[in-house]
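Got a structure here, written out as structure tokens. Questions coming.
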Number of protein chains: 2
Amino acid sequence: MGKKQTRRRGKVLEDAILRATWQLLNQVGYNVLTIQAVAKIAGTNKNAIYRRWADKARLVVSALAKFGPKPDIQIPDTGNLRTDLGQFFEQAVDYLTYLTSDQLAGLWVDRLRDISVAKMMYRLDAIDNNYIRKSVTQILHQAEKRGELTGQSFSDRVLNLPALLVINAAITAQGKLTQAAMAEIIDDILMPVFSKHEYHRP
Amino acid sequence: MGKKQTRRRGKVLEDAILRATWQLLNQVGYNVLTIQAVAKIAGTNKNAIYRRWADKARLVVSALAKFGPKPDIQIPDTGNLRTDLGQFFEQAVDYLTYLTSDQLAGLWVDRLRDISVAKMMYRLDAIDNNYIRKSVTQILHQAEKRGELTGQSFSDRVLNLPALLVINAAITAQGKLTQAAMAEIIDDILMPVFSKHEYHRP
DNA sequence: TTATTTAAGGTACTGGAGTACCCTGTATAA
DNA sequence: TTATACAGGGTACTCCAGTACCTTAAATAA
């Protein structure tokens, strides 16, 4: 009846820690979760955790990556830029809604602590490697090939704009992002920016 | 040679605490500042502080309000929309840059700790969003009167866009927001959005 | 098989947040 | 002037983050 016959190592132990983290995250949420509690549930101690992750936020991000929902988004190619954008964002909304849920409150906030107040927007979707940005770039590329856009190149700021807008919308919308909000983003902001024929830099 | 003859109370003590907070904030920055250290410098103890402020962030915000810089921004009216926008943001940048400086790193992060990311952005631009939004509305109104814009009304989302962009830029810029970044925001995004002649909602 | 290296587990420590409790000086009211 | 209420000050406590150091189990190399 000893405590344990085997001493787990490497990946096995890491998995146990991440599983415990995921369990606790779902039980109590990010803010209440402590490293000590994770260690206890995983049947190990703080050291094993601190050897692998610098802080709670990184630990939880790992658990999220392993057990959390994965975005399953197809890049549309309907032959029309506006339609492509609409369909793409429609798919992204559910995932974003989860990432901003109460359960994860405090997580992104912590991730911001060390990287200056910075890159909130980038980091927010950094969890899936600038997925939004890459997809939008692809959609724009398709539009260019069709001749819908006049082969201009877009700045980083413009390429990040869709992610910024949609994340901001998901966040401020409290609940779910509506069709109308999405249409407004696309028609009032994105389309004018992507197809700026009228206005030229002085 | 006793420690102290008088026992300070109320506003006198509060001022001493805020002064100590401000001093320490400038010496070591927000992240390093501790309540205990503030108490020591103020010649009091933690209890007197915790009786007044719930946490470090709120204490520092109070000190900031009392001793920090105040924004002093004039709304320009040069007869040209783009110039107006340029001059306005130029003035706003110094203040925003201070609010997001290393010295204050961690402060906004802490202020957002207990709320979900949802309310985060909302709060983030609540810092100053109204001010920026109101000013931009005024600038747009001037442009309309001059006939620079075709009397269209702008949605909330569009009116909040300048604040969103400039705050995001200040946050992600690490150091100071440059002229170039500002020009990019105005020329690549704001001007096309405000003067969208080419693209029309389907 | 044995020796060596690595990392897990245990224990203990520092230091700050935040709370509790009590004593005492000070302002106010009686 | 004295009694009372309140808030400041002191001390001590719990909890957690994070680090240090030592031991021991397990993987690997010799």
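Letters A, B, ... mirror the listed sequences (proteins, then strands); counts begin at 1.
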> What residues, two or more places apart in sequence or in another chain, satisfy ring pair (Phe, Tyr, Trp, His ring centres under 6.0 Å) together with B/Phe194?
Replying inline: B/Phe154

> Of all residues at least two apart in sequence or in a different chain, which pass the side chain to side chain donor-acceptor pair (under 3.5 Å) check with A/Glu14?
Replying inline: none

Filtered N/O pairs between nucleotides 11-15 of chain D and protein, under 3.5 Å:
residue	atom	partner	partner atom	Å
D/dT11	O4	B/Asn47	ND2	3.4

> Is A/Thr44 near enough to C/dA8 that one of its side-chain N or O atoms lies under 4.0 angstrom from OP1 or OP2?
Replying inline: no

> Can a salt bridge be assigned to the pair B/Arg146 and B/Asp77 using a cut-off of 4.0 Å between side-chain N and carboxylate O?
Replying inline: yes

> Looking at residues 10-23 of chain A, who's got a heavy atom less than 4.0 Å off DNA chain C?
Replying inline: A/Gly10, A/Leu13

> With sequence neighbours excluded, what pairs up with B/Trp53 under the side chain to side chain donor-acceptor pair (under 3.5 Å) test?
Replying inline: B/Ser62

> How close or far is atom C1' of D/dG8 from atom CD1 of B/Ile49, stated in whole angstroms?
Replying inline: 12 Å

> When the distance from CG of A/Asn31 to P of C/dG18 is rounded to whole Å, what number comes out?
Replying inline: 13 Å

> B/Arg8 CZ to D/dG9 C1': how many Å, rounded?
Replying inline: 11 Å

> In whole angstroms, how far is the P atom of D/dG18 from the CD1 atom of A/Ile35?
Replying inline: 7 Å

> When you match A/Arg9 and B/Ala48 each to their closest nucleotide on DNA chain D, which lands nearer the 5' end?
Replying inline: B/Ala48

> To the nearest angstrom, how far is A/Tyr50 atom OH from D/dA17 atom C1'?
Replying inline: 4 Å

> Could you state the NZ-C1' distance from A/Lys40 to C/dG10, rounded to the nearest angstrom?
Replying inline: 15 Å

>> Applying salt bridge (charged side-chain N to carboxylate O under 4.0 Å, His left out), can you list everything that pairs with A/Asp15, at least two apart in sequence or on another chain?
In response: A/Lys11, A/Lys66

>> Here's a test of your reading of the structure: between A/Arg51 and A/Thr34, which maps to the more 5' nucleotide of DNA chain D?
In response: A/Thr34

> Could you give the CZ-to-P distance, from A/Arg7 to C/dT6, as a whole number of Å?
Replying inline: 16 Å

>> Going by side chain to side chain donor-acceptor pair (under 3.5 Å), name the residues that satisfy it together with B/Lys40, two or more places apart in sequence or in a different chain.
In response: none

> Looking just at side-chain N and O atoms, do B/Gln91 and B/Gln87 make a donor-acceptor pair shorter than 3.5 Å?
Replying inline: no

> Quick one: side chain to side chain donor-acceptor pair (under 3.5 Å) partners of A/Asn45, sequence neighbours excluded?
Replying inline: none

>> According to salt bridge (charged side-chain N to carboxylate O under 4.0 Å, His left out), who are the partners of B/Arg19, at least two apart in sequence or on a separate chain?
In response: none

>> Rounding to an integer number of Å, can you tell me how far B/Arg52 CZ sits from C/dA17 P?
In response: 18 Å

